[in-house]
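Each residue takes its place number in the sequence, starting with 1. Below, each value reflects all heavy atoms present in this structure, side chains not excepted, and no hydrogens, waters or symmetry copies.
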Amino acid sequence: MGGSSCSVCDAVASMTCGGCGTMHYCGKEHQRQHWLQHRTQCPPYKMISSPEAGRYLVASRRLPAGQVLVEEQPLAVGPLSISELVCLGCHGPIIGNDFPRCPECWWPLCSLECASSSLHQAECPILATDVKHIGPPTTQMETLRYDVILSIRCLLLKSKNPTAWQTLMSMEHHSEQRQLNQEDNQIVTVHYMKEVLKLDYDIKTLRQIRGAIATNGMEIRSKKNVRVRALYPIVRLFNNSCVPNVNMSCGVEGTMQARTTVPLKIGEPLCICYTGALMPAWERYGTLTRNYHFTCNCTRCEDPTELGTYFSCPRCPDCKGSYMLSSTWLEETVWMCPTCKLEKTDTQVREDIDDWLQRILMDGIFNTFKRAKATLKKVEDQFHAQHYVWMRAAQSALFQLCDNNTEPALKLRIKTWKKLVHLYSVLEPGLTKRRGENPSMWEAGGRLAGAVLGVISCYLTVSLILPTPPPG
């Protein structure tokens, strides 16, 4: 046992807790004796590693759906890499063009009181060394200039929180690959820290920290509902799968909680979807290769039909019952119908999709029952009822019809929602929030009561029962 001692009697240990691997015992008797104390602290996961996937977490015992895996605070929080104006003192929004600035470093604030906030105090003297004000944003628009902030806050952990610093330095960063790819964000931010702010760190460390943030940062909402990013010590070890079995939710204080969505066996990898499970195949592939530098080989990505949904596959225009599948050779993607062998280039397929996505965003396309029904029918005919474009159309239709409680509209809403639930149950199985809420409510939380009354009215009118949403 490498000199480990028993957690009960300090004798030489001969066995280890099979769940977490952190507790050691001289024998089974002391392991049983210690279990009542240890069971509340024994995490339901353990970390393993492989040359292909690096370090990741697996279930250390059989886990039910809904099992809390971890609940933790972030190591550091800061603005997104590309962000609109955000206050460095409170992560609140900055409104208008006549905004106050920190008297020392000249970065935008929501109020002068935030210049002395604990969040901003440590970084302010560092930012103030930019006496020419090269870095501070100047106008109300998205800017890359905020990319440096979280890097500085992470560098400050070296003296403020050595334990957090060690965790940060152990994170995957892909800095060498980012340098080879000449990633603009990486080059600009590292150059600014080294040449303008004159930070006393070698270039390798600056690249590593910035790379660790780009690889492991997670987008959350600040207390003032601004999109920011955070680094977490444990949840960053969840592996990727485009059919995730872990759902994460973030509290107002940045507390991240992770739960299982389906029952898991011992040794089964704990996975989230790095990209979003409802992204089409080409967007998932692009995000993973560009930001995380790997190609996903989960069950969904290895299956050209995406688990029988054909989520990214258009309908063959000649064989209405067949769907076109993609194949890539020498980095050229071609879509082919397996029945009639009709081929389309990736550009043709993407143009059709982009055209419909633009039409879905048009005002009025779903604002009446007849228009919504006709548009959904057109999308389903050109693609199909489990395609990415149809899903986007269905979500928009439900949102725009959420106040239409006529009998025909209610029937259409229920029929559409049932199709969406079926699709969600394949791509995001188990206890997920998405299956428990109506997409028409995603951006209209204040209309929830009306939606509930509408569903009840529909049940009484047409005698159709909505699927009972799972907790979540």
Side-chain angles (χ1 to χ4, degrees), residues 1-76 154 157-173 208 212 215-216 218 230-241 244-249 251 253-272 430-431:
M1 300 302 294
S4 300
S5 59
C6 176
S7 300
V8 176
C9 67
D10 289 331
V12 176
S14 59
M15 25 185 332
T16 303
C17 173
C20 64
T22 61
M23 291 293 171
H24 309 284
Y25 304 98
C26 62
K28 290 186 177 180
E29 182 179 346
H30 278 183
Q31 184 181 25
R32 285 194 295 266
Q33 179 181 330
H34 192 242
W35 177 240
L36 288 178
Q37 176 184 343
H38 178 52
R39 66 186 301 176
T40 59
Q41 303 168 346
C42 184
Y45 58 82
K46 61 182 177 181
M47 184 174 69
I48 64 174
S49 63
S50 72
E52 299 79 19
R55 294 176 300 161
Y56 61 98
L57 302 179
V58 299
S60 61
R61 51 183 178 267
R62 287 184 299 173
L63 301 176
Q67 167 76 50
V68 176
L69 297 168
V70 63
E71 197 166 11
E72 61 178 348
Q73 295 293 324
L75 299 175
C154 286
L157 292 175
K158 186 174 183 179
S159 57
K160 291 171 55 180
N161 189 338
T163 301
W165 173 257
Q166 290 300 320
T167 300
L168 182 66
M169 293 298 287
S170 71
M171 292 183 180
E172 185 60 75
H173 50 87
Q208 179 174 341
T215 303
N216 301 279
M218 307 189 71
L231 289 168
Y232 293 88
I234 297 177
V235 299
R236 50 105 184 181
L237 292 169
F238 289 135
N239 215 334
N240 174 75
S241 171
N245 55 29
V246 173
N247 181 67
M248 296 195 297
S249 58
E253 299 293 333
T255 302
M256 186 68 74
Q257 185 185 79
R259 291 176 178 266
T260 57
T261 59
V262 294
L264 297 177
K265 300 175 182 177
I266 297 175
E268 196 165 345
L270 302 173
C271 297
I272 59 176
L431 306 181

### Task
Work out which heavy atom in C154 is nearest to a heavy atom in L168; give both atom names and the distance.
CB-CD2, 3.5 Å
### Check: E71 and M256 side chains under 4.5 Å, non-hydrogen atoms
no
### Message
Listing request: all side chain to side chain donor-acceptor pair (under 3.5 Å) pairs with a residue in residues 26-36, at least two apart in sequence or in separate chains.
### Response
Y25-H34
#### Entry: R236 side chain near L231 side chain, heavy-atom distance below 4.5 Å
no
### Query
N161 side chain to L157 main-chain N or O, any donor-acceptor pair under 3.5 Å?
no
### Query
Where is the tightest heavy-atom contact between S14 and G27, given as atom of each residue plus distance?
OG-N, 4.2 Å
### Counterpart residues, side-chain contact (heavy atoms from CB on, under 4.5 Å), relative to T261 (two or more places apart)
N245, N247, T432
### Query
Is there side-chain contact between T215 and M171, with heavy atoms separated by less than 4.5 Å?
no
### Q37: partners by side-chain hydrogen bond (donor to acceptor under 3.5 Å, both in side chains), with sequence neighbours left out
none
### Message
With a 3.5 Å distance limit and no angle check, can you tell me whether N216 reaches the backbone of E172 through a side-chain donor-acceptor pair?
### Response
yes
## Note on the structure
So SG of C6 and CE of M15: to nearest 0.5 Å the spacing works out to 10.0 Å
### Query
Just checking, any donor-acceptor pair under 3.5 angstrom between side chains of T260 and Q67?
no
### Task
Could you tell me which residues satisfy side-chain hydrogen bond (donor to acceptor under 3.5 Å, both in side chains) with S5, sequence neighbours excluded, listed by chain and number?
none
### Query
Which residues satisfy the side-chain contact (heavy atoms from CB on, under 4.5 Å) test with S49, sequence neighbours excluded?
R55
### Summary
Residue set satisfying side-chain contact (heavy atoms from CB on, under 4.5 Å) with I48, at least two apart, ordered chain then number -> Y56, V58
### Task
Could I get the full list of side-chain contact (heavy atoms from CB on, under 4.5 Å) partners for P233, not counting sequence neighbours?
E72, L75, T167
### Query
For the atom pair CG (L69) and CD (Q257), what is the distance rounded to the nearest 0.5 Å?
9.0 Å
### Query
Run the side chain to side chain donor-acceptor pair (under 3.5 Å) check on H24 and T16 step by step: do they pass?
CA-CA 4 Å; H24 309 284; T16 303; 3.2 Å; yes
### Query
Got a second to check how far W165's CH2 is from K160's NZ, nearest 0.5 Å?
12.5 Å
#### Entry: From CG (L270) to CG (L63), nearest 0.5 Å
7.0 Å
### Shortest non-hydrogen contact between H38 and C17, atoms and distance
NE2-SG, 3.6 Å
#### Entry: pair Y232-T255: side-chain heavy atoms closer than 4.5 Å
no
### Task
Determine the minimum heavy-atom distance between N239 and A53, stating which atoms define it.
ND2-CB, 3.8 Å
### CA sep, side-chain torsions, deciding dist, call: K158, M169, side-chain contact (heavy atoms from CB on, under 4.5 Å)
CA-CA 10 Å; K158 186 174 183 179; M169 293 298 287; over 6 Å; no
### Query
So, do C9 and C26 sit near enough that their side-chain heavy atoms are less than 4.5 Å apart?
yes
### Query
Hey, what do you get for CD1 (I266) to OG (S60), rounding to the nearest 0.5 Å?
8.0 Å
### Query
Does anything in residues 253-266 pair up under salt bridge (charged side-chain N to carboxylate O under 4.0 Å, His left out), and if so which pairs, sequence neighbours excluded?
K223-E253
